[in-house]
Amino acid sequence: MLDWNRFFSLRSLVCLSVLLGTVSVASSQEAADSVAPEAATSLQQAPVTSAKEFMVVAANPYASMAGFEILKAGGNAIDAMVAVQLTLGLVEPQSSGIGGGAFLMYYDAVAGEITSYDGRETAPMAATPTLFQNDDGEPLKFWDAVVGGRSVGTPGTMRLIHDTHAKYGKLPWARVVEPAAILAQEGFEVSPRLNQLITRDKDRLSRFKSTQDYFFLEGKPLPVGHVLKNPAYAQTLIEVANFGPDAFYKGKVAEDIVKTVQTAEGNPGVLALNDLANYHVIQRDPVCTSYEEYEVCGMGPPSSGALTVAQILGLTEPYDLESDAAKAAQTWRVIGDASRLAFADRGRYMADSDYVPMPTKGLVSEDYLDERSVFLEGQTALPQSEVVPGTPTWDHAMMLADDESIELPSTSHFSIVDAEGNVVSMTTTIENGFGSRLMTNGFLLNNELTDFSFRTHKNGNPIANRVEPGKRPRSSMAPTIVMKDGKPFLAIGSPGGSRIIGYVATTLIAVLDWEMGLQEAIDMPHLVNRFGTYDLEKGTWAEELEAPLQELGYKTNIRDLNSGLHGIMITPEGLIAGVDPRREGAAFGQ
Ligand code: GLY
């Protein structure tokens, strides 16, 4: 049960201003005076770039600190994972939370093995393949589909964090839920990023009263630094701390979720109580492929993340991509066209393999990738007509059409290494920024179902990633653990919709092939190609490659590329943090 004495003794556990060093000594002293001694010590902690024993890297300092506190209290990586996720859902509600889904890669130091857990949302049992089509069978406009109840899948994150905690956690469940419950009760400071995103999404957020009431103050987006309390979320967490995930998947919270979805004005959905009651997490074999002297392990179907990253690495490996040529257009031609070929396979073959046959092994077999890598031998961009899916070997073939899913970036990634050597690499999402924009019991509901293809067939062939009842929408999330000599070497991942794949693949190339430091690799400008147009990161040296890449035959687009790469490198000398400067993250460790 939640320890109420402890709850109140740890009040004001985390203060963002103190963490960021933006308050006076007097006020930090006041904050320190108001908490228990062990917590007061932690308030003095500054973010780190390296550590000896354990480390947490997440997209927001409150979340990293919550995980750090748990590790310091003797918890392990899974204990810390629960605290980080529940805190992210509070302080970065636009990106992930208990109303969404997640994938967890876990290295268990005792077993010496990597495993993966699929906490992806599922399509409700009442969802039909034409969920995202109008009466004429045409796909709905993206925003018409996203905002409201139609896009809400059965949330998986709560089951994921609970079930993996029950299996691996050391500290009591209530103890690891506690930090987020306290912070929700006491309030946290609204960050610049949250303020900006509310401002940008004002019209959509204002469509639903409970969402509007939470994110606006006197009609204006919550200002930076405003201390935002979320008693409804605290109450949900207290229920869950005391009664476990049934307090979420059954009873009042479940009823509220269903009501919110089914009565969403203008765009109701079909999520029902039985979908919530029957939700289950799936432990899956990770997808592991070799690259240079490493083994790169990631999340298999229903994510396309690991397979597509592995294809990019495998297709580029025969080419001598030197680190000193990181600014050369030819280097990015090879990476960009490898990515386009991988995305062609992704569009044709990748989806929830529990529902559609998938050539999972064939897509990353050495012979297949060798055969496809020959296409990169030229000196100019592949003509679009040649960027087509290949013919990987598979046991159970099926004619499929290329998919048409639209994915916009949101999501969050965090990495944790504990003192026992366990490693967590977790990517977590409610899909679009602020998900479906529906809010209940202090958390936002996902719009993950719009990760499905809106069309079901093309030219008479079914699309692998079409909507089906109970199916999990295809993801691009690519939480990764890299092994070297049988031991974990790197945990990494990123948000960014389908650009996640490019962010993770190029960071792996930079670290594993070019031997860049982790932070340098994360700082490196992004150049991402998925479907032909080369996206070049605005305000960086990537812009200088615009003309050379155009000469090679690419269309280009200079834009913000908001990755959120958060990683930890594990070296004989200790742990090294990688924190994406494009977000608000921090590393804490000791
Ligand atoms: N919704 C983001 C992803 O799953 O890729």
Side-chain angles (χ1 to χ4, degrees), residues 59 85 88-89 92-105 116-123 132 142-143 145-147 150-157 160 197 281-282 284 287 298-309 339 342-343 346-347 350-353 403-414 425-437 444-454 464-465 467 471-480 492-505 528 530-531 561-566 583:
Q85 174 61 82
L88 281 175
E92 203 200 27
Q94 72 278 8
S95 295
S96 77
I98 57 177
F103 295 126
L104 166 69
M105 297 294 301
S116 66
Y117 287 91
D118 169 358
R120 186 71 164 165
E121 298 89 335
T122 54
F132 294 119
F142 183 69
W143 292 114
V146 167
V147 181
R150 188 187 300 255
S151 63
V152 181
T154 319
T157 298
L160 173 71
L197 294 177
V281 169
I282 304 174
R284 297 187 187 272
V287 169
M299 191 71 217
S303 185
S304 62
L307 290 171
T308 316
V309 167
S339 177
F343 267 81
R346 174 181 176 274
M350 299 186 201
D352 182 348
S353 55
D403 91 332
E404 296 203 352
S405 343
I406 304 161
E407 294 159 87
L408 294 183
S410 159
T411 312
S412 204
H413 181 86
F414 59 93
S425 180
M426 179 153 151
T427 313
T428 174
T429 188
I430 55 168
E431 214 306 281
N432 198 243
F434 302 99
S436 63
R437 278 73 178 174
L444 284 160
L445 295 170
N446 70 83
N447 68 299
E448 217 68 55
L449 300 186
T450 57
D451 272 358
F452 281 118
S453 173
F454 286 19
N465 187 34
V467 184
K471 190 176 178 181
R472 297 174 187 223
R474 184 192 62 202
S475 172
S476 301
M477 296 195 287
T480 303
I492 188 87
S494 179
S498 55
R499 290 190 185 86
I500 289 173
I501 289 162
Y503 298 148
V504 171
V528 180
R530 298 165 298 164
F531 311 113
L561 290 169
N562 286 318
S563 58
L565 289 149
H566 296 119
R583 301 243 170 174

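Position 1 is the first residue of the sequence, and the numbers go up from there. Worth saying up front: this structure is predicted, and the values here are computed from it rather than measured. Whatever order the structure lists ligands and atoms in, that order sets their numbers, starting from 1.
- Between Thr411 and ligand 1, a contact under 3.5 Å exists for no N or O pair.
- In the vicinity of Asp451, heavy-atom distances shorter than 4.0 Å reach the ligand 1 atoms 1 (N), 2 (C), 3 (C), 4 (O).
- Taking the six-membered ring where tryptophan is involved, the planes of Phe343 and Phe531 are perpendicular, since the angle between them exceeds 60° and thus also 30°.
- Residues Val467 and Leu449 fail the side-chain proximity criterion, which asks for heavy atoms closer than 4.5 Å.
- For ligand 1 and Met477, the ligand atoms under 4.0 Å from any heavy atom of the residue are 3 (C), 4 (O), 5 (O).
- Residue contact check: Glu448 has heavy atoms under 4.0 Å from atoms 1 (N), 2 (C), 4 (O) of ligand 1.
- Here the straight-line distance linking atom CZ of Arg530 with atom OG1 of Thr308 works out to 12.5 Å at 0.5 Å rounding.
- Arg284 has a carboxylate O that lies under 4.0 Å from a charged side-chain N of Asp118, or vice versa, which qualifies the two as a salt bridge.
- Taken to the nearest 0.5 Å, the OG1 atom of Thr429 stands 7.0 Å off from the CD atom of Glu121.
- Within the structure, the closest approach of Arg120 to ligand 1 falls below 4.0 Å when heavy atoms are considered.
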